[in-house]
Amino acid sequence: MKSRVLNFVEDLRRGAADQYKYVEKALEEAAKKDPKFNIFITLKGEIPENLALSGKLAGVPIAIKDNIVTKDLRTTCASRILENFVPKYSATVVKILEKEGAVIIGKTNMDEFAMGALGTTSAFGPTLNPLDVKLSPGGSSSGSAAAVSSGIVDLALGSDTGGSVRLPAAWTGVFGLKPTYGAVSRFGLISYADSMDQIGPMASTASDLAYLYSIISSFDPLDPTSSGNPWGDKIERIAREEPDYDILRSIKLKVPKELVEHPQADDSIVKEFSRALSKLESEGAEISEISEPSLLKVPQVYYIIAFSEASSNLARFDGVRYGSRVIMPEEVDWDTYYMENRALFGWEVKRRIMLGAFILSKGYYEMYYSMALKARGMIKSKVEQMLSGGGIILTPGSPIPPLPIDYDATDLSRLNAVDAPLMLANLTGLPAITIPVGKRGSIPISIQLIGSLWSEDILLSIAKVTEEIFG
Ligand code: GLN
């Protein structure tokens, strides 16, 4: 069974490992690789004193996306407006990790306020793909994916509103999970579109992904949408135990053809995907093709809801409640004060705030926002039907190869093929996982599974088997 984290934890428990080694190595690697790939916005220079000796992650280094607040450690959302923000408290997930002895080595680069898919809207410059520096690592959790993919850490946290954990995982060849909505506390995650935002784990192996997930998924009274963990210690057992091949025979994998044969999908990637399906079938998986044309509308519905929620959530960055001040209030009238401060946002964030404000404005609200909510409900019920009786939706992790790092990010058309399968999980609140299944040259190939609510145990079990089959 592949697992670096669990092996270290076990060695440390037996007294066979040095508690500083893992973190030291991560910091050394980060110092070497960060200048090459621009992975971190804030990187800790030295090993913290008094490392915890106990805890499930004692001495284990981890990288955290820079939209998750960390007490006394700068948290920027990759935006000029929060460039100097040092939080006074930590997110619940950060508190959990620190209590278990994990060592946060730095805050990772990302698309500004998690808005983007290429990692290129960061005010701190783009992150490059460690597999090929001419390519984007995917976004918005670009730095977290690159930190794992480049071997600096084995664990990282990202956030996923419309694919931001899974796309960069797929493009850098690592594992990524978007949890059931409510399974991981959002307290301390700076909101983008809070009806879809979830913090999600990223890892170099399926076992380590499951292990990290077993630790961060728990009920939090500070998050009104938190529902807690229905699995008891099951996920941790899945992490520790050998892969269970029977799982493949107990599920029905369904491949919606609209999400594979998308007009913008890449033929060679689709071919690799089909090859992966044949292999899973030969291991006993039941796979069938289905068709549901409404799935092609997922990005449209997602963007209307995401922009609306973003325009409302980002209203607090006004230089009064949050955000830097570029001008003093006594010097100018309120409108000027507001506009000067809000000019610190980058172009993509401004675009989304303006579109969101328009969508929610009188006369347009019913036409766009209310319609999108109805469509979201319809898509949800269609998907519930697909998943009834043990069904799991199977798609490529990304039906296109990573785009070039200098791709024109104002033209999002090529991302449409990527958006539909990933955003589906956020619109419906369902858990989804991306699993690497090989490479074509330097291009990683992956599959995505979307399961019913609270089926992370099944998704993670499948990930462990799949990792071995394609290993
Ligand atoms: N690419 C999507 C967007 O730009 C998803 C981002 C995310 O999941 N945070 O909204």
Side-chain angles (χ1 to χ4, degrees), residues 65-68 77-79 108-122 126-127 136-145 156-171 176-179 181 184 186 189-202 264 298-314 345-356 359 372 376 397-400 402-403 407-434 448 450:
K65 187 174 182 178
D66 210 21
N67 59 352
I68 299 173
C77 276
S79 182
T108 57
N109 203 357
M110 54 183 276
D111 281 294
E112 186 177 3
F113 282 97
M115 299 177 187
L118 304 172
T120 48
T121 69
S122 167
T127 298
S136 156
S140 65
S141 310
S142 46
S144 291
L157 288 185
S159 70
D160 192 313
T161 306
S164 278
V165 160
R166 290 161 288 153
L167 182 66
W171 282 9
L177 175 74
K178 181 260 165 205
Y181 187 76
V184 175
R186 283 186 302 110
L189 169 67
I190 298 176
S191 293
Y192 157 23
D194 49 301
S195 78
M196 300 184 281
D197 296 339
Q198 273 291 281
I199 291 173
M202 305 171 93
Q264 270 124 20
V298 163
Q300 287 90 319
V301 178
Y302 166 87
Y303 280 116
I304 289 175
I305 293 172
F307 292 0
S308 304
E309 292 184 18
S311 81
S312 160
N313 280 322
L314 271 63
F345 285 129
W347 60 270
E348 181 65 28
V349 175
K350 283 185 200 153
R351 191 173 75 92
R352 294 186 186 209
I353 290 173
M354 285 192 287
L355 283 168
I359 291 164
R376 183 180 189 175
S398 165
I400 62 171
L403 291 175
Y407 179 82
D408 174 12
T410 58
D411 170 14
L412 296 178
S413 60
R414 279 208 62 199
L415 287 165
N416 215 262
V418 172
D419 285 346
L422 299 178
M423 291 169 174
L424 181 60
N426 305 80
L427 278 181
T428 53
L430 298 169
I433 194 167
T434 40
Q448 177 196 220
I450 306 178

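Residues: numbered from 1 along the sequence shown. Remember, it's 1-based here, ligands and their atoms both numbered in the order they're listed.
Judged purely by distance below 3.5 Å, without hydrogens or angles, the side chains of D111 and T121 pair a donor atom with an acceptor atom. In summary, the side chains of T108 and K65 do not present any donor paired with an acceptor at a separation below 3.5 Å, with no hydrogens or angles considered. The closest side-chain donor-acceptor pair between W171 and S136, if any, does not fall under 3.5 angstrom. Judged purely by distance below 3.5 Å, without hydrogens or angles, the side chains of D197 and T161 pair a donor atom with an acceptor atom.
Taking any N or O of A114, backbone or side chain, at least one lies under 3.5 Å from an N or O belonging to ligand 1. In terms of polar-atom proximity, defined here as any N/O pair under 3.5 Å, G162 does make such a contact with ligand 1. Ligand 1 has a nitrogen or oxygen under 3.5 angstrom from a nitrogen or oxygen of S164. Between Y302 and ligand 1, at least one pair of N/O atoms sits closer than 3.5 Å. Considering backbone and side-chain N/O atoms, K65 never comes within less than 3.5 Å of an N/O atom of ligand 1.
Ligand 1 does not have M110 within reach: every non-hydrogen atom of the residue lies 4.0 Å or more from it. Residue A306 places no heavy atom under 4.0 Å from ligand 1.
The structure places CD1 of I450 at 7.0 Å from CG of L430, a figure rounded to the nearest 0.5 Å.
Close approach of ligand 1 to A117 (heavy-atom distance below 4.0 Å) involves ligand atoms 1 (N). For ligand 1, the atoms lying closer than 4.0 Å to a non-hydrogen atom of T161 are 7 (C), 8 (O), 9 (N).
Of the candidates S141, S140, G116, G163, the one placing a heavy atom closest to atom 1 (N) of ligand 1 is G116.
Minimum interatomic distance between S159 and N67 (heavy atoms only, all atoms of both residues): OG-ND2, 3.0 Å. Shortest non-hydrogen contact noted between G397 and L422 is O-CD2, 3.8 Å.
Annotation: side chain to side chain donor-acceptor pair (under 3.5 Å) contacts of D66 (sequence neighbours excluded): T76, K107.
Ranking the protein heavy atoms by distance from atom 10 (O) of ligand 1 puts Y192 OH, 2.6 Å first.
Only side-chain heavy atoms of R352 come within less than 4.0 Å of ligand 1; its backbone N, CA, C and O stay farther off.
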